[in-house]
> 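Before I ask anything, let me first share the structure, which is written out below as structure tokens.
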Amino acid sequence: MEKARKLKDENKKRQHRLLDGAGSVDVVKTGSIDALVSIDKEDITVYTEKIAGEVYRILIEKMHEGAVTLNEEGTILYCNSYFAGMVNEPLQKVIGTKLKTYMDHASMTSFMELFNQGHDASSQSEVYLMTKEGRKMPVLLSANTLTLNKNIILSIILTDLTIQNKNQKELKYRAEQLEQKNVELENVNKDLTTFTYISSHDLQEPVRKILNFGSIITKEEGGRLSDTGKEYFRRLMEAAKRMQGLIEDLATYSLAKHAERNFEKIDLTTLVDEVKKDLDEVIQEKHATLETTFLGTANIIPFQFRQLVHNLILNSLKFSKQETAPVIRMTSEIVAGSQLNQKKLSSQIDYYHITYTDNGIGFEPKYNELIFEVLQRLHSREEYKGTGMGLAICKRIIENHNGIITATGELNVGARFDIYIPAL
């Protein structure tokens, strides 16, 4: 019985609290109170309409946009300091004037249409304000209708577009500059195409004649030449051969950039085997060993990738150690771009990673990037023949495949090339 009595008393107390709470809600609804007080163990908080209004006023004043309220006649009832600064007039002088007095004449029609539409629905328009000094300021004018104490008020926000328009002009200028550069680049490409044709035909022909006639003279008239004359002819023939090789490599380099890019799914093991057959004679001469592990199928430009493999193998054979048989290894794997620390590669796709290594003379790490430069040689022509174009062509071919090729070397140990191209 005692427990039932206590529960009944507790229930009455809760009913009184609910009635008190309901009364408070009714008072709030009718607007009959000036403040609400929240009390907890550590703090007392007072909420008033004045505080809320003060916060709102501060918010409007701190805006980096002009804020204006108009009555139905277009008279400014209130504006913030930012708008007064936009028209460069004292705040007190602005209030009570017509907003249209600050509009540029050319924007008056647009402003009046927006003013009339703003009483029916939210609207926006770009217009020009006229400052005190007569300077035009482009602004985005946004209008919304408010009802305050049964009066219709138009609330307007004005956003300064000066910086935005300046940026747009700068972007337009940049776009025009870019277009001009593209035109210039097209002209350069045309010149390169012309050069490619000339180097492939017109320049090659006189070099071939020098080699042909030089060979005939050496065979048929060699007995009449002095030892000095024979040496001159030997140097002549070597120089002509170097010129021929350089012209061919420059043409290959140019064509690698401008040739049509037809990608095909090709088995790389088969492709490497074909290159090995082409180079069989020099491979046998050097007693070289070529090992390939899981090269698989890749989406490539066949003739360009064949040129790449050809150049890499020739490079390894050329720069092999005199008393050590060359050993060349090629392996491949699929790697996620997100796992690669390469700025030029996308983190959103997978890449076909080909690793190429040899046990040749290698090179110092400081030349890791330099060896890909056009006509770059790390050794004298007397030590190793060549034009210095082989690896530059390799780099361009991989760029055509939207990938990258990197090199690392260690002197007297060997070289390593890492190739990354998008996977299938």
Side-chain angles (χ1 to χ4, degrees), residues 27-36 45-174:
V27 172
V28 171
K29 287 181 178 179
T30 58
S32 302
I33 64 170
D34 294 318
L36 288 174
T45 306
V46 180
Y47 298 94
T48 69
E49 183 181 0
K50 180 180 180 181
I51 290 175
E54 183 71 11
V55 172
Y56 180 74
R57 187 188 66 78
I58 292 173
L59 176 64
I60 295 297
E61 283 297 325
K62 293 294 182 181
M63 286 174 58
H64 289 284
E65 293 176 301
V68 178
T69 54
L70 308 177
N71 62 12
E72 292 180 307
E73 286 75 37
T75 301
I76 298 175
L77 303 177
Y78 165 81
C79 77
N80 63 357
S81 300
Y82 195 88
F83 175 77
M86 293 172 76
V87 296
N88 199 20
E89 291 281 10
L91 185 65
Q92 296 81 358
K93 186 175 180 180
V94 174
I95 295 175
T97 60
K98 301 281 188 179
L99 180 59
K100 67 179 182 180
T101 60
Y102 301 105
M103 292 293 153
D104 175 57
H105 179 72
S107 299
M108 191 61 68
T109 301
S110 297
F111 168 70
M112 293 309 299
E113 289 178 356
L114 183 142
F115 177 76
N116 293 328
Q117 293 172 1
H119 288 88
D120 299 323
S122 299
S123 55
Q124 275 188 341
S125 180
E126 290 188 22
V127 297
Y128 282 91
L129 289 180
M130 183 66 72
T131 67
K132 184 178 180 180
E133 299 80 10
R135 180 175 62 87
K136 293 182 180 180
M137 176 185 293
V139 297
L140 176 64
L141 195 152
S142 305
N144 289 280
T145 302
L146 302 175
T147 302
L148 186 62
N149 296 328
K150 297 182 180 180
N151 295 316
I152 297 177
I153 292 176
L154 198 62
S155 173
I156 292 180
I157 300 296
L158 301 101
T159 305
D160 187 355
L161 299 179
T162 304
I163 296 177
Q164 179 178 318
N165 288 356
K166 182 180 179 181
N167 290 340
Q168 288 177 344
K169 289 180 180 178
E170 180 68 16
L171 286 173
K172 183 180 179 181
Y173 172 76
R174 296 292 183 186

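Keep in mind that this is a model prediction, so the values were computed, not measured. Just so you know, residue 1 is the first one in the sequence shown, and it goes up from there. The basis for the numbers below is simple: all heavy atoms, side chains too, and nothing from hydrogens, waters or symmetry mates.
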> Is there a side chain to side chain contact (heavy atoms under 4.5 Å, CB included) between Ile76 and Phe83? Walk through the geometry before answering.
CA-CA 11 Å; Ile76 298 175; Phe83 175 77; 4.3 Å; yes
> Run the numbers on Glu133 and Thr131 for side chain to side chain donor-acceptor pair (under 3.5 Å), then give the verdict.
CA-CA 5 Å; Glu133 299 80 10; Thr131 67; 3.3 Å; yes
> What heavy-atom pair brings Asp160 and Val139 nearest, and what distance separates the two atoms?
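What the structure gives for the nearest pair is CA-CG1, 4.2 Å.
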> Quick one: which residue pairs count as a side-chain hydrogen bond (donor to acceptor under 3.5 Å, both in side chains) with a foot in residues 100-109, not counting sequence neighbours?
Thr97-Tyr102
> For Ser110 and Ser125, which heavy atoms make the closest approach, and how far apart are they?
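Where Ser110 meets Ser125 most closely, the heavy atoms are CB-OG, 4.1 Å.
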> Could you list the residues that satisfy salt bridge (Lys or Arg N to Asp or Glu O under 4.0 Å) with Glu170, not counting sequence neighbours?
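Per chain and number, Glu170 pairs via salt bridge (Lys or Arg N to Asp or Glu O under 4.0 Å) with Arg174.
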> Considering all heavy atoms of both residues, which atom of Glu73 and which atom of Lys98 are nearest to each other, and what is their separation?
O-NZ, 3.0 Å
> For residues Gly96 and Thr75, report the shortest heavy-atom separation together with the two atoms involved.
O-CG2, 3.5 Å
> Can you list the steps and then say if Leu70 with Leu77 is a side chain to side chain contact (heavy atoms under 4.5 Å, CB included)?
CA-CA 6 Å; Leu70 308 177; Leu77 303 177; over 6 Å; no
> One pair to check against side chain to side chain contact (heavy atoms under 4.5 Å, CB included): Phe115 and Leu141. What are the steps and the verdict?
CA-CA 10 Å; Phe115 177 76; Leu141 195 152; over 6 Å; no
> Looking at Asn80 and Glu65, would you say the former's side chain and the latter's main chain have a donor-acceptor pair under 3.5 Å?
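Looks like yes, one N/O pair under 3.5 Å.
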> Is it the case that over 12 heavy atoms from other parts of the model lie below 6.0 angstrom from the NZ atom of Lys93?
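Counting other residues, nucleotides and ligands, NZ of Lys93 stays at 12 neighbours or fewer.
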> Taking atom OH of Tyr128 as the centre, report whether more than 12 heavy atoms of other residues, nucleotides or ligands fall under 6.0 Å from it.
no
> Going by the rule side chain to side chain donor-acceptor pair (under 3.5 Å), which residues pair with Gln168 if we only count those two or more places apart in sequence or in a different chain?
none
> Of all heavy-atom pairs between Cys79 and Val68, which one has the smallest distance, and what is that distance?
CB-CG2, 4.0 Å
> How long is the straight-line distance from CG of Leu99 back to CG of Leu158, given to the nearest 0.5 Å?
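Reported to 0.5 Å precision, the distance equals 6.5 Å.
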> Start with the C-alpha distance between Met103 and Met130, add both sets of side-chain angles, then the distance that settles side chain to side chain contact (heavy atoms under 4.5 Å, CB included), and finish with yes or no.
CA-CA 6 Å; Met103 292 293 153; Met130 183 66 72; over 6 Å; no
